[in-house]
Enquirer: 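Take this structure first; my questions come after.
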Amino acid sequence: MEKNPMESKDLTVFRDGLEALGIRISDRQEEQFIQYYELLTEWNSFMNLTAITEFEEVLVKHFLDSLALVRAWNPGPKKVIDVGTGAGFPGIPLKIAFPELEITLLDSLNKRVKFLDEVIGRLGLKGIRAVHGRAEELVKKPGEREGYDLAVSRAVANLSTLSEYCLPYVKVGGLFLPYKSGKVEQELEEAKKAVSVLGGQCEEVVYFTLDGTDLERSLVPIRKVRQTPKQYPRKAGTPGKSPIQ
């Protein structure tokens, strides 16, 4: 008889965190989160996906942190792009918890995309794709530019640079929602010009402390209020080296 993978895992902190976020999931979805964790640690043994590998830490610092997006956005049958997804955060946790989302995971490293394809296949996820490419290049393909209700990113880059990568994907009326650590007032001030140039408008920042930790997090909602000028994003590497001032 096949062993239930949930029997040997303590999910108390995860379930409490989901309850605090107002998210309800089924046993099957819990199972998918555990499968994801197991694949993450298995692949992490031969390629660098994450420095966080302990079960409870992954539940909190990757899964719950990814799902904290609901503090600033209401999921539904919407199109989402996760730019610089890495090991799949926040896109895969969002897809597991909210299967109605249609998600594109974008990463510039092919071996990470292979890992993401493995996760998608093993978890039986539908309406989600992993794409190998750069943000500056994918946006040129048909249906990509201003084709999404939401762009998200947990990538480590300043807000000006992230906005140039992500806002061109967001349709007018949609949202770009970067995840940031700590307080972001100064970074936000420095990014205001870039956000405006790219067609965005900053809304009220959502500050919170990650459940069960002292980690301060910020969600920075940027509403797309007009089309992004065609010259953005600039050629590969430029947004990082010379952010819009």
Side-chain angles (χ1 to χ4, degrees), residues 2-15 17-18 23 25-69 80-99 101-135 137-138 151-157 162 165-166 178-181 210-213 215 217 240:
E2 194 175 324
K3 190 180 176 187
N4 182 340
M6 290 189 282
E7 282 175 8
S8 58
K9 305 285 187 188
D10 183 357
L11 291 164
T12 306
V13 69
F14 187 52
R15 289 168 178 161
L18 289 175
I23 297 172
I25 63 172
S26 66
D27 288 349
R28 172 64 185 136
Q29 287 164 301
E30 274 193 357
E31 222 171 275
Q32 287 174 315
F33 275 110
I34 292 170
Q35 279 181 285
Y36 183 20
Y37 167 77
E38 288 172 345
L39 285 166
L40 181 69
T41 50
E42 179 191 329
W43 281 61
N44 202 58
S45 67
F46 56 84
M47 62 182 278
N48 183 26
L49 290 169
T50 177
I52 299 167
T53 55
E54 194 271 320
F55 183 61
E56 192 167 300
E57 271 201 289
V58 171
L59 292 180
V60 174
K61 294 179 182 176
H62 281 326
F63 296 172
L64 290 175
D65 187 44
S66 294
L67 297 173
L69 176 112
V80 179
I81 184 165
D82 178 3
V83 177
T85 187
F89 306 116
I92 289 177
L94 289 171
K95 180 64 186 179
I96 295 171
F98 306 106
L101 292 174
E102 187 181 331
I103 295 184
T104 294
L105 306 170
L106 176 63
D107 199 83
S108 61
L109 201 61
N110 196 42
K111 61 183 182 178
R112 283 199 293 254
V113 172
K114 286 181 178 172
F115 165 72
L116 298 170
D117 282 336
E118 177 77 2
V119 173
I120 289 165
R122 292 276 286 276
L123 272 58
L125 301 176
K126 308 294 181 193
I128 181 170
R129 61 177 181 147
V131 178
H132 173 229
R134 298 181 67 103
E137 298 302 324
L138 181 66
V152 289
S153 185
R154 278 173 100 225
V156 180
L162 274 182
Y165 287 143
C166 296
Y179 293 63
K180 306 297 286 185
S181 295
L210 202 51
D211 284 340
T213 77
L215 295 173
R217 305 290 279 145

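None of the values given here were measured: they were computed from a predicted structure.
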Enquirer: Nearest 0.5 Å, please: how far is CD1 in Ile96 from CD in Gln35?
Expert: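 Here the interatomic distance stands at 8.5 Å.
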Enquirer: First locate atom CD1 of Ile52, then atom CG of Asn44, and finally report the distance between them rounded to the nearest 0.5 Å.
Expert: 10.5 Å
Enquirer: Can you list every ring pair (Phe, Tyr, Trp, His ring centres under 6.0 Å) pair that touches residues 104-124, not counting sequence neighbours?
Expert: Trp43-Phe115
Enquirer: Would you confirm whether Thr41, through its side chain, and Thr53, through its main-chain N or O, come within 3.5 Å as a donor-acceptor pair?
Expert: no
Enquirer: Looking at residues at least two apart in the chain, or sitting in another chain, which of them share a side chain to side chain donor-acceptor pair (under 3.5 Å) with Thr85?
Expert: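 Only Asp82 meet the side chain to side chain donor-acceptor pair (under 3.5 Å) criterion with Thr85.
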Enquirer: Between Ala135 and Leu106, which heavy-atom pair has the shortest distance, and what is it?
Expert: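 The answer is CA-CD2, 3.7 Å.
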Enquirer: If only atom types and distance count, is the side chain of Tyr165 paired as donor or acceptor with the main-chain N or O of Gly84 below 3.5 Å?
Expert: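 Checking the backbone N and O of Gly84 against the side chain of Tyr165, no donor-acceptor pair under 3.5 Å is found.
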Enquirer: Any side-chain heavy atom of Leu64 within less than 4.5 Å of one from Leu59?
Expert: no
Enquirer: Please name the pair of heavy atoms, one in Tyr36 and one in Ala87, separated by the smallest distance, quoted to 0.1 Å.
Expert: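 Residues Tyr36 and Ala87, closest heavy atoms: OH-O, 2.6 Å.
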Enquirer: Do you know which two heavy atoms are closest between Val13 and Val60, and how far apart they sit?
Expert: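 Looking at all heavy atoms of both residues, the shortest contact is CG2-CG2, 3.8 Å.
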Enquirer: Mind checking what makes side chain to side chain contact (heavy atoms under 4.5 Å, CB included) contact with Ser26, not counting sequence neighbours?
Expert: Arg28, Gln29
Enquirer: For the CG atom of Leu109 and the CZ atom of Arg134, what is their distance to the nearest 0.5 Å?
Expert: 11.5 Å
Enquirer: Please identify each residue that fulfils side chain to side chain contact (heavy atoms under 4.5 Å, CB included) with Ser181, with sequence neighbours left out.
Expert: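 Checked Ser181 against side chain to side chain contact (heavy atoms under 4.5 Å, CB included); matches are Arg217.
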Enquirer: Could you note down all residue pairs passing side-chain hydrogen bond (donor to acceptor under 3.5 Å, both in side chains) where residues 86-96 supplies at least one of them, sequence neighbours left out?
Expert: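 Every candidate side-chain hydrogen bond (donor to acceptor under 3.5 Å, both in side chains) pair involving residues 86-96 fails, so no pair, neighbours aside, qualifies.
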Enquirer: Could you give the distance from CG (Asp10) to CD (Glu56), rounded to the nearest 0.5 Å?
Expert: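 The CG atom of Asp10 sits 6.5 Å away from the CD atom of Glu56.
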Enquirer: Evaluate the side-chain proximity of Leu69 to Tyr179: yes if any heavy-atom separation is below 4.5 Å, no if none is.
Expert: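 Yes; the side chains approach each other to less than 4.5 Å.
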Enquirer: Could you give the distance from CG (Leu67) to CZ (Phe89), rounded to the nearest 0.5 Å?
Expert: 10.5 Å
Enquirer: I'd like to check the side chain to side chain contact (heavy atoms under 4.5 Å, CB included) partners of Leu215; sequence neighbours left out, ordered by chain and number.
Expert: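 Applying side chain to side chain contact (heavy atoms under 4.5 Å, CB included) to Leu215 gives Lys61, Leu210, Thr213.
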Enquirer: Can you list everything that forms a ring pair (Phe, Tyr, Trp, His ring centres under 6.0 Å) with Phe33? Sequence neighbours excluded, please.
Expert: Phe14, Phe63
Enquirer: Leu105 and side chain to side chain contact (heavy atoms under 4.5 Å, CB included): which partner among Val80, Asp117, Ile120, Ile81?
Expert: Ile120
Enquirer: Tell me the closest heavy-atom pair linking Val152 and Pro90, and the distance in Å.
Expert: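 Here Val152 and Pro90 meet closest at CG2-CG, 3.7 Å.
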Enquirer: If we ignore hydrogens and angles and just use 3.5 Å, is the side chain of Asp107 paired with the main-chain N or O of Val113 as donor and acceptor?
Expert: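 The answer is no, because no donor-acceptor pair under 3.5 Å joins these two groups.
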Enquirer: Rounded to the nearest 0.5 Å, how far apart are CG of Leu49 and CZ of Arg112?
Expert: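 Between Leu49 CG and Arg112 CZ, I get 7.5 Å after rounding to 0.5 Å.
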Enquirer: Taking only residues two or more places apart in sequence or in another chain, which ones pass ring pair (Phe, Tyr, Trp, His ring centres under 6.0 Å) with Phe98?
Expert: none
Enquirer: With a cut-off of 3.5 Å and sequence neighbours excluded, list every side-chain donor-acceptor pair involving residues 121-132.
Expert:
unit_1: Arg122; atom_1: NH1; unit_2: Glu118; atom_2: OE2; d: 2.7
unit_1: Arg129; atom_1: NE; unit_2: Thr104; atom_2: OG1; d: 2.9
unit_1: Arg129; atom_1: NH2; unit_2: Thr104; atom_2: OG1; d: 3.3
unit_1: Arg129; atom_1: NH2; unit_2: Glu144; atom_2: OE1; d: 3.4
unit_1: Arg129; atom_1: NH2; unit_2: Glu144; atom_2: OE2; d: 2.6
unit_1: Arg129; atom_1: NH2; unit_2: Tyr148; atom_2: OH; d: 3.1
unit_1: His132; atom_1: NE2; unit_2: Ser108; atom_2: O; d: 3.1

Enquirer: Considering all heavy atoms of both residues, which atom of Met47 and which atom of Lys111 are nearest to each other, and what is their separation?
Expert: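 Scanning both residues, the minimum pair turns out to be CE-O, 3.5 Å.
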Enquirer: Could you report the tightest heavy-atom contact between Tyr37 and Glu54, atom names first, then the distance?
Expert: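 Scanning both residues, the minimum pair turns out to be OH-C, 4.0 Å.
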Enquirer: Side chains of Ser66 and Arg154: closer than 4.5 Å at any heavy-atom pair?
Expert: yes
